Every structure is written in structure tokens, then in C-alpha cells.
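Everything on this sheet refers to the single structure shown next.
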There are 2 protein chains.
Amino acid sequence: MEETPADQQHLAWLARSFGRPDYLPLSPEDLSTLSEAGEIIKKYPGTHIFKEGDSATAAFLIREGEVDLYRGPTDQREVVGRVGPGAVIGDIAMFSGQPYISSSRAVGHVTAFRFDRDRLLPKLAVSPAITLRWLVASLTQLERTQRRVLNLMHKTVLAQVAGLLVNEADDRGEVALSQATIATLLGASRQSVNEALNELKRRGQVETGYRLVRVLDEKKLRLVAAED
Amino acid sequence: MEETPADQQHLAWLARSFGRPDYLPLSPEDLSTLSEAGEIIKKYPGTHIFKEGDSATAAFLIREGEVDLYRGPTDQREVVGRVGPGAVIGDIAMFSGQPYISSSRAVGHVTAFRFDRDRLLPKLAVSPAITLRWLVASLTQLERTQRRVLNLMHKTVLAQVAGLLVNEADDRGEVALSQATIATLLGASRQSVNEALNELKRRGQVETGYRLVRVLDEKKLRLVAAED
DNA sequence: CCGGGAATGTAAGGAACCCGACAGTTATAC
DNA sequence: GTATAACTGTCGGGTTCCTTACATTCCCGG
């Protein structure tokens, strides 16, 4: 089998995306196996990758761009999360054989790898290493979600906002979310988020702009997130 | 290899414990493989199965009894959940090679199956079906936790209590938890839980006793849980 | 360059909930 | 069988946060 440089790059990227690279690294054969279980797809901003209730025939590995996950009807949608490159979505529904539990919509231009259920399962049945890696990835996600439960339970909106900013900031310390989106992500009201951001701005720990928050003092922000 | 009736029973129980039995059922060889990766252990009430921060060398599958999961120091512990037969605990830490994230304590007499990491991983590496089943189990747990996040975000204490009662009730409709425990499970105060239970009692949907809540009208209780 | 839609800023009133305190009740251990 | 710890029931003050409402600012397409 001959492979172009682009393929190589893609396969290497696949290897990095699943969990810690030092833990049971995928062999080159494993990578090939995985790449044959689906295709790369591209989505325009605002389009759906899958919708709540659809039969779950595939899972998706985000390569580029960001994706919003939400539940409920369009007029009163409830954002469940926003994920970026490296995230796997739709796998819960696909593996458990149930309809998708949430809808996913591309925020910007999105490139993803689609794993087709019928092609993936036979491959996994003969590739324990990949299955194990996928298991570890899902358990890591589970742990993250459990931590989120603990945060939601006892922390004030101020601490929650600080925590979200630290987690979601890119390498330039910027978070490109509207205050309304931050509010739904935290399950708070837009006004409370606005008030919290004002407090952080007053303390000189962040700057705010249109659809944008810039982290100025990550260290202090982490302290605020740990309070309460 | 000769197997006693007790072994057979145990292996069959293992098969039922992991997710939906109609989905990729384990073969008898898989069951044997799994049973060789650890031993059955028994724990007295109040004793620890593992403690937060310990090196995670094993995961546990609960066979009988209930287990409390909690985090933080003993004097101000924070209950993360209570699990019964069929639940797998400690697997997150074990697979990701990190110390246990929470402590687990036997509520009553507990029988569990201990999977030793060093014996389990080689078995899984050659048994994709088991790994896949484990993956499905963890994803199901992830979905449950995500649902809990949604509940915590927008629902009132009354609705949360109603939901917990419906989920935790045994076949006689009884929930043997103290109001304080219910409160920590929901991240609410004991007083608020007490107030909610009074309201449900006033409506004739539950009865309360010492360390006990009895569900009288599950149907209406589900409606209350869905409100808000 | 300007109009409309989207996002941000601000304020007041009220609901839900937490905290501290204490009295009454039930289980459990000695 | 009694002491003690654990649990339930209840009250009032205080806080956080939501809701409603409206003014202002910003972006983008024509």
C-alpha cells in the first residue's frame, strides 16, 4: 500500500488525537485500519453534522473548526458543549445503538473524520489496541464531565466564569464566545455572566470585546475559579 | 479447565453486568479470560475499597451491596455518587494510569470482582469483544453523567429530588438514604431537601421515615421531575 | 454610510436556596 | 436500658441569582 505525504500527516494526526500518546501508542497498521473505516468530510458554518433523534450510524472525529452540541427544539435549544479539534462526537449513540442524544452544528468551517458504524465495528473487533485507546479517551471525557458536575454544584457564577475562561482560552488567551453562549454553557443567565465579567474586568484580570474575552492574568483567574 | 456450578453462575453474572446483553454478547472464552484477571473480594460495611490518591492498580465490578463514592478529606467529604451491583468503579484511574480520583467505601456488605491492571491489560489486548463491551459501558455512564449535568443546571430542588427518588427506588419503591445523603448527592442543602420532601408528602406522592423514603405515586413523581 | 439585527451594559424586584440554630425523634452501642 | 450519636423537622435572616425591562453599542450587508 502506497501512502502520500498527506495521508501520513493525517495518520499521525489521528494518533495524536486519541488520549495520551505515551499510553499504548497505535501502530502504523492500526492507523491504516482506522482510516479505512470512514472518510474525511467538510461542513460549512451553521450546517448540521447530525441531529438529535437521527439513527446513529456514524461517529465523528473533529479535525478542524469548532462544533456546538445542543439538545431540544431549535427555538429553545440548550447548548450542551462546544468542542474543537481532537474531540470525538456521536460515539455514545453509535456504540450503544441508540439515536443521537444531541444535535451538532458547525460553528465555523469544520473538517472531520466520519467513522461508519458498519465499517468500524469489524475493524475494532480485530484491533484491540484501538478499542482500548478509544476506551481510555471516553473515560477521560467521563472524568472531565464528573468534574464539571462538582463545579456546577457548589461554585458561584463568578468562579464558574473564571474556570470556563481558563479552560476555553486559546494560545493567545482569547475566548471567542458571546456572553449569551457562555451563559448557556454554564447554565446561568446572560446578566449574571455579564456581571461576573465586569467584576473580573474591574480587577484587571480580563478584557472584553464584541464576542470576545481576553484573559490577562491566568494565574489569578485560576485562583478565582478555585474559590468557594 | 474444570468449572464448578458457582463459577458458571459467576461467569453468567459477569455477562449480564456489562451493558445490554443483546449487544455483542461475550463468548464463553471471553468470560474465562476476564475471570482470570482478578479475584472476588469481600468488604465489610464502612471499609474502603480504595482511597483517593492511591496508585490505581485495579478496577472493581460490584456484585453485591452498595458503595459510596466521595472526594475530599474525611471530615468534609463530598459524596460523588452511590453505586450498586453491575457498576464498575476505579476504571477511569486504572486505565489512564493516574491515582484514584475518589474514595470508595462499602455501605453494607459488599462483594466485588477485582481486576488487576497488570493481568487485565494483556487479556484485553487479545480480547476486543470485552474491550468493546467495556467501552460501551463507560459511554453509557458518560451519557448518564451528562444528563445529570443538565438536571443540575436548570431544575429546582423539588424536581431534582423527585428525579432522584424515581431513579434510586428499589422494586418496593423504597429509597434507603438519609436526607443529608440525598442533599449531597444533589448538591443541595439538607433543609431544602427536607422542604421538598414535605411538599411531595403533602401531595401524597411519597411517605418518609427514618433513613427512608417510599415512593407512592411514581407516575406523578416523574412528571414533577420533568417540570421546570 | 447607514439601517437593522445582534450583542453588551444596567437596574429593580422577587424567588430559590443556603446557613445557623435548636427542638424533637430514632437507632445503636455499651 | 440507658446514653449517645445520628437523623428529622422547623424557623428566620441573608445571599445569590433569575426575570423583566430598556438603553446603548457594535457589526455587517446593501
Side-chain angles (χ1 to χ4, degrees), chain A residues 45-46 68 74-79 107-108 150-165 174-202 206-214 224-225 227-228, chain B residues 44-46 68 74-79 82 105 107-108 151-165 174-202 206-214 224-225 227-228:
Chain A
D68 268 346
T74 317
D75 57 336
Q76 51 175 350
R77 72 174 59 148
E78 192 174 11
V79 179
V107 176
L150 293 182
N151 281 354
L152 284 172
M153 287 205 309
H154 296 299
K155 303 216 168 171
T156 118
V157 172
L158 182 67
Q160 290 184 41
V161 170
L164 181 138
L165 292 178
E174 292 185 351
V175 180
L177 297 173
S178 80
Q179 298 181 3
T181 305
I182 295 177
T184 40
L185 285 177
L186 296 177
S189 73
R190 186 186 62 78
Q191 290 88 331
S192 296
V193 171
N194 181 254
E195 191 185 2
L197 283 174
N198 281 341
E199 174 63 21
L200 294 176
K201 195 161 49 177
R202 198 186 57 73
V206 303
E207 278 176 3
T208 64
Y210 192 81
R211 269 177 176 281
L212 182 86
V213 182
R214 197 190 322 276
V224 174
E227 277 172 17
D228 217 345
Chain B
Y44 290 104
D68 269 346
T74 317
D75 57 336
Q76 51 175 351
R77 69 175 61 147
E78 192 173 10
V79 179
R82 166 170 294 189
R105 206 171 60 94
V107 177
N151 281 355
L152 283 173
M153 287 204 311
H154 296 300
K155 304 217 168 171
T156 128
V157 173
L158 182 67
Q160 290 183 42
V161 169
L164 180 139
L165 291 179
E174 293 185 351
V175 180
L177 296 172
S178 79
Q179 298 183 4
T181 305
I182 295 177
T184 38
L185 285 177
L186 297 178
S189 73
R190 185 185 62 78
Q191 290 91 327
S192 298
V193 170
N194 181 254
E195 193 186 0
L197 284 174
N198 282 340
E199 174 63 19
L200 294 176
K201 196 161 48 177
R202 198 187 57 73
V206 303
E207 278 175 1
T208 64
Y210 191 81
R211 267 178 177 280
L212 182 86
V213 182
R214 196 190 323 275
V224 173
E227 277 172 16
D228 218 348

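The shown structure was predicted, so the numbers you read here are calculated from the model rather than taken from an experiment. To find a chain, count down the sequence lines: A is the first, B the second, and so on, and within it residues start at 1.
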Notebook entry, point to check: Taking N and O atoms by type only, does the side chain of Q191(A) place a donor or acceptor under 3.5 Å from a partner on the base of dT20(D)?
Noted result: yes

Taken to the nearest whole Å, CZ/R211(A) to C1'/dC28(D) is 12 Å

Rounded to whole Å, the CD1-P distance (I182(A) to dG9(C)) equals 11 Å

Interatomic distance, OG1@T208(A) vs CG@L200(A), rounded to 0.5 Å, equals 10.5 Å

- Message: What's E195(A) touching, base or sugar-phosphate or nothing? Going by heavy atoms closer than 4.0 Å.
- Response: nothing

K155(A) and A225(A) have their tightest heavy-atom pair at NZ-O, 2.9 Å

query: Can a side chain N or O of T208(A) be found less than 4.0 Å away from OP1 or OP2 on dT8(C)?
result: no

Here the distance between atom P of dT15(D) and atom CG of L158(A), to the nearest Å, is 17 Å

The reported gap from CD in E174(A) to CD in E207(A) (rounded to nearest 0.5 angstrom) is 9.5 Å

note: E207(B), atom CD; dG9(D), atom C1'; distance rounded to Å ~ 17 Å

Per atom distances to the N198(B) side chain, the nearest of dC18(D), dT10(D), dA6(D) is dT10(D)

Between the CD atom in Q179(B) and the CD atom in Q191(B), the distance rounded to the nearest 0.5 Å is 10.0 Å

Of Y210(A) and R190(A), the one whose closest nucleotide on DNA chain D sits nearer the 5' end is R190(A)

Atom CG of L197(B) and atom C1' of dC7(D) are separated, to the nearest Å, by 13 Å

When rounded to whole Å, the CD to C1' distance for the pair Q179(B) and dT8(D) reads 6 Å

To the nearest angstrom, the NE2-C1' distance between H154(B) and dC17(D) comes to 14 Å

Verify the contact: side-chain N or O of N194(A) to OP1 or OP2 of dG9(C), cut-off strictly under 4.0 Å; return yes or no.
yes

Hey, does the side chain of T181(A) come within less than 4.0 Å of dA7(C)'s phosphate (OP1/OP2), counting only N and O? no

Checklist entry - Does the pair L177(B) and L185(B) meet the rule for a side chain to side chain contact (heavy atoms under 4.5 Å, CB included), with working shown? => result CA-CA 10 Å; L177(B) 296 172; L185(B) 285 177; 4.0 Å; yes

The residue, K201(B) or K155(A), whose nearest nucleotide of DNA chain D is more 5′ is K201(B)

*Does a nitrogen or oxygen in the side chain of S189(B) sit under 4.0 Å from OP1 or OP2 of dC17(C)?*
no

